[in-house]
Amino acid sequence: MEPAETTVRAVRDVGPDTVAIDLASPAGFAAEPGQFVKLTAVLDGEEESRFYTVSSPETDDAFELTVSYDADEAGGFSEYLLALDAGDAVTVTGPFGRDYYEGEARSLVLAGGPGVGPAVAIAERALRDGNEVTVVYRDDAPVHEDRLAAAASAGAEVFVLGDDDAVREAVADAYDGQQLFVYGFADFVDLAEASVTAAGGDLDGAKVESFG
Ligand SMILES: Cc1cc2nc3c(=O)[nH]c(=O)nc-3n(C[C@H](O)[C@H](O)[C@H](O)COP(=O)(O)OP(=O)(O)OC[C@H]3O[C@@H](n4cnc5c(N)ncnc54)[C@H](O)[C@@H]3O)c2cc1C
């Protein structure tokens, strides 16, 4: 897909140092939960791009991205995103990525930090499809708590965890051969993969997207 200009519908706080950005879907745009897009902006005269993962279960009319930032020293691109308002134009390219939800009957989603975006998207879509889904989410300051609670009420198994040992234990409890999804920065991806291996699991066929 060529870069397309689209419009911000809303920017909402969804927890500590995290915003959800709703964008109108450009004509012909369709993404599955777990795919990501590239946002591009000119900052200080230089063109800059960053990748963000779709955090809404559907993209028919609009789609959501979940962006975490460092409140003490937000990078230039994060500052640009935080300053966006409804009606602003943004340049989006995509979707990209092959590690996305494809209607699997049983899913185990391991998410660290902003990896919660694809986790809630997959959980909501899987529940709508009548499929089984477990989310193991590691964050010191969890976000999207209302959507995680709603997913749990609707039948998902949801673990929101504040330390690495708890992730290892939750994966040991929850893993029983489901389709694995892993989303987050590299440190979390390493923890998730080690937890699956320690639980006797197999990473062949796992869908893993590292955020860098
Ligand atoms: C395929 C892909 C998908 C991505 N999807 C998302 C997404 O859905 N949401 C999202 O927020 N980001 C996502 N990212 C990361 C995003 O593209 C930026 O790299 C990130 O937001 C940093 O932005 P910044 O340069 O403005 O830096 P900063 O403002 O300095 O960083 C923003 C936030 O990212 C954290 N961060 C940056 N690098 C790391 C790291 N290595 N380990 C742990 N935390 C780190 C910072 O602590 C801070 O909270 C994705 C990256 C890739 C490659």
Side-chain angles (χ1 to χ4, degrees), residues 1 3 6 8 10-23 25 29 31-59 62-84 90-101 109-125 135 137-145 147-148 161-164 167 180-194 206-212:
M1 180 185 166
T6 190
V8 176
V11 181
R12 295 170 282 117
D13 283 323
V14 292
D17 300 343
T18 306
V19 292
I21 302 178
D22 296 321
L23 299 176
S25 296
F29 179 86
E32 301 302 328
Q35 288 196 293
F36 54 93
V37 297
K38 181 167 81 171
L39 298 184
T40 303
V42 177
L43 306 178
D44 292 333
E46 299 279 334
E47 191 172 282
E48 298 261 5
S49 296
R50 295 285 186 281
F51 295 108
Y52 295 94
T53 310
V54 170
S55 57
S56 48
E58 313 283 349
T59 62
F63 65 101
E64 182 198 75
L65 305 173
T66 296
V67 178
S68 76
Y69 57 93
D70 187 331
D72 296 327
E73 43 176 337
F77 207 85
S78 300
E79 279 183 358
Y80 156 73
L81 293 176
L82 291 172
L84 289 173
V90 295
T91 302
V92 57
T93 316
F96 302 103
R98 296 190 191 153
D99 296 303
Y100 55 85
Y101 172 75
V109 190
L110 310 182
V116 69
V120 291
I122 290 172
E124 289 169 356
R125 182 74 164 269
V135 174
Y137 166 40
R138 160 82 173 92
D139 207 328
D140 292 333
V143 307
H144 279 314
E145 290 193 284
R147 285 170 67 185
L148 290 164
L161 305 167
D163 68 78
D164 293 356
V167 171
L180 272 172
F181 297 85
V182 181
Y183 301 99
F185 284 108
D187 288 358
F188 177 77
V189 171
D190 290 347
L191 169 67
E193 292 187 340
K207 299 184 177 183
V208 181
E209 202 68 74
S210 174
F211 290 3

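Only a predicted model underlies this, so the values are computations on that prediction, with no experimental measurement involved. What you see below is based on every heavy atom in this structure, not just the backbone, and it leaves out hydrogens, waters and symmetry mates. Both ligands and their constituent atoms are indexed starting at 1 by order of listing.
Every atom of ligand 1 is numbered from 1 in the order shown, and the set under 4.0 Å from a heavy atom of Pro114 is 9 (N), 10 (C), 11 (O). Short contacts between ligand 1 and Arg50, defined as distances under 4.0 Å to a heavy atom of the residue, involve ligand atoms 17 (O), 18 (C), 19 (O), 23 (O), 24 (P), 25 (O). Numbered from 1 in the order shown, with element, the atoms of ligand 1 that lie under 4.0 Å from a heavy atom of Val67 read 11 (O). Counting atoms of ligand 1 from 1 in the listed order, those under 4.0 Å from a heavy atom of Tyr69 are 32 (C), 33 (C), 48 (C), 49 (O). Residue-ligand proximity, Phe77 to ligand 1, at heavy-atom distances under 4.0 Å covers atoms 26 (O). In the vicinity of Asp70, heavy-atom distances shorter than 4.0 Å reach the ligand 1 atoms 48 (C), 49 (O).
Of the possible donor and acceptor atoms, one in the side chain of Ser55 sits under 3.5 Å from a partner among the backbone N and O of Glu64. The backbone N or O of Gly15 sits nowhere less than 3.5 Å from a side-chain atom of Asp13 that would complete a donor-acceptor pair. Looking only at distances, a side-chain donor or acceptor of Tyr137 sits under 3.5 Å from a matching main-chain atom of Val143. When atom types are taken as modelled, the side chain of Thr18 and the backbone of Pro16 share a donor-acceptor pair closer than 3.5 angstrom. When atom types are taken as modelled, the side chain of Ser25 and the backbone of Thr59 share a donor-acceptor pair closer than 3.5 angstrom.
The residue among Tyr80, Phe96, Phe211, Phe188 with a heavy atom at the shortest distance from atom 15 (C) of ligand 1 is Phe211. Heavy-atom proximity to atom 30 (O) of ligand 1, evaluated over Ala71, Ser49, Gly75, is greatest for Gly75.
Considering backbone and side-chain N/O of Phe51, one or more are found under 3.5 Å from N/O of ligand 1. Between Pro118 and ligand 1, no pair of N/O atoms sits closer than 3.5 Å. The N/O atoms of Ser68, backbone and side chain alike, include one that comes under 3.5 Å of an N/O atom in ligand 1. An N or O contact shorter than 3.5 Å links Thr53 to ligand 1 by distance.
Of all protein heavy atoms, the one lying nearest to atom 21 (O) of ligand 1 is Tyr52 OH, 3.2 Å. The closest protein non-hydrogen atom to atom 31 (O) of ligand 1 is Ser78 OG, 4.1 Å.
A perpendicular orientation is assigned to the rings of Phe36 and Phe51, their planes being inclined by more than 60° (bins at 30° and 60°). Below 30°, between 30° and 60°, or above 60°: for Phe211 and Phe185 the angle between ring planes is above 60°, a perpendicular geometry.
Per-atom contact check: atom 33 (C) of ligand 1 touches the protein, criterion being a heavy-atom distance below 4.0 Å.
When all heavy atoms of Tyr80 and Thr40 are compared, the closest pair comes out as OH-O, 4.4 Å. Here the closest non-hydrogen pair linking Ser56 and Arg147 is CA-NH2, 4.1 Å. In this structure, Glu209 and Val189 approach most closely via the heavy-atom pair O-CG2, 4.3 Å. In plain terms, the two heavy atoms of Lys207 and Tyr100 that are nearest each other are NZ-O, 2.8 Å.
Within the structure, the closest approach of Ser210 to ligand 1 falls below 4.0 Å when heavy atoms are considered.
In Phe185, the part holding a heavy atom less than 4.0 Å from any atom of ligand 1 is the side chain. Of the heavy atoms in Phe36, only side-chain atoms (C-beta onward) come closer than 4.0 Å to ligand 1. Here Thr66 has backbone heavy atoms under 4.0 Å from ligand 1, and that is the only part of it that gets that close.
For the pair Arg138 and Asp140, the minimum side-chain heavy-atom distance is below 4.5 Å.
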